[in-house]
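Note that the structure is a prediction, hence the values are computed from the model and not measured. Chain A is the first sequence line, chain B the second, and so forth, proteins listed ahead of strands; every chain is numbered from 1.
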Amino acid sequence: MEICKFCSKRSSAAKHLGNDELEKLGHSCVEVSFEKGDIIFKQNALSSNIIYVREGLVKIHMAGPEREQILKIAKGPSYLGIPTTIGDKVNNYSATALTKTEVCFIDIHIFKDFISTNSEFAYEIIVNLCKNELGHFHRCVNQLQKQSSGRVAETLLFFADEIFKTDTFDLPLSRHELGDLTGNSRENVSRILSDFNNEGLINISGKSIQILNKEKLFMISRNG
DNA sequence: GCATTAACCACAG
DNA sequence: CTGTGGTTAATGC
């Protein structure tokens, strides 16, 4: 198995692995492909793998006391489940594919082994976790302090700037999921979206979105 | 009080 | 699954 050695989607951490380490990784790594809607791992299930998303969009979500909450949208290449696999025995959240997704399951023991023997690998992982935590802090504050239209505007800009890198795209989420992501009811998401549409900020038909007035959308996102 | 915001319900495509 | 309208509760001016 030499899949990791020649993988073109290697993570910035894995770039610091030597040939023998990559070979070890290749032996313990399982490659799986998921279709849209497939569950990659499930909350409360036992977990002994770190997941590396080589390609695709994934939603990380958690069953809350009231309803489902989408914690983040992850785009490959990206690690998933480091916190929940190292910090606990069971998954504290679920991951579901939003598009066709290519995933590698990495055995936790190999992963820990690399961390304790390869400091550059470990450092990259820490950088990754830190950036993640900062992102969550921002999302947390925004979620709590912005009003609903601001949260929806922010999410639209997130998809345009971070995920698709274009102002015209197809939403990979239903209105319900968009509600779970922004902490809104699905009805409210519908209303806010059609308000944006009527005000000429976006052009929406079904799931296809075109952002027409980014500045104004940004103002709404920033000011609540 | 009155206006705004957002949740819940119901019903129609 | 979506979009809309009516209603209601909470909050701020």
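Of the listed residues (A/T182, A/L57, A/I73, A/T155), just one forms a side-chain contact (heavy atoms from CB on, under 4.5 Å) with A/L173, and that residue is A/I73.
Checked against side-chain contact (heavy atoms from CB on, under 4.5 Å), A/A122 has the following partners two or more places apart in sequence or in another chain: A/I115. Evaluation of the side-chain contact (heavy atoms from CB on, under 4.5 Å) rule for A/K100 yields A/S33, A/E35, A/E102 as partners, not counting sequence neighbours. Residues satisfying the salt bridge (Lys or Arg N to Asp or Glu O under 4.0 Å) criterion with A/K36, sequence neighbours excluded, are absent altogether.
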Using distance only, find each side-chain donor-acceptor pair of residues 190-203 of chain A under 3.5 Å and give its atom names and separation, not counting sequence neighbours.
residue : atom : partner : partner atom : Å
A/S194  : OG   : A/S190  : O            : 3.1
A/S194  : OG   : A/R191  : O            : 3.1
A/N197  : OD1  : A/I204  : N            : 3.4
A/N198  : ND2  : A/S194  : O            : 3.1

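Within 6.0 Å of NZ on A/K216 lie no more than 12 heavy atoms contributed by other residues, nucleotides or ligands. Around atom CZ of A/F218, no more than 12 heavy atoms belonging to other residues, nucleotides or ligands sit under 6.0 Å away.
At the phosphate of C/dT4, neither OP1 nor OP2 sits under 4.0 Å from any side-chain N or O atom of A/S190. Listed pair A/K207 / C/dC1 fails the phosphate criterion, with no side-chain N or O lying under 4.0 Å from OP1 or OP2.
Side-chain contact between A/S174 and A/L178: absent, with no pair of heavy atoms (C-beta onward) separated by less than 4.5 Å.
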Discussion item. Treating primed atoms plus P, OP1 and OP2 as sugar-phosphate and everything else as base, which nucleotides of nucleotides 3-13 of chain B get B, S or - for protein heavy atoms under 4.0 Å?
Written reply: ---SSBB----
Discussion item. So if I define the base as every atom that isn't primed, P, OP1 or OP2, how would nucleotides 8-13 of chain C read as a B/S/- string at a heavy-atom cutoff under 4.0 Å?
Written reply: ------
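Here the P atom of nucleotide C/dG3 and the CZ atom of A/F196 are 14 Å apart, to the nearest Å.
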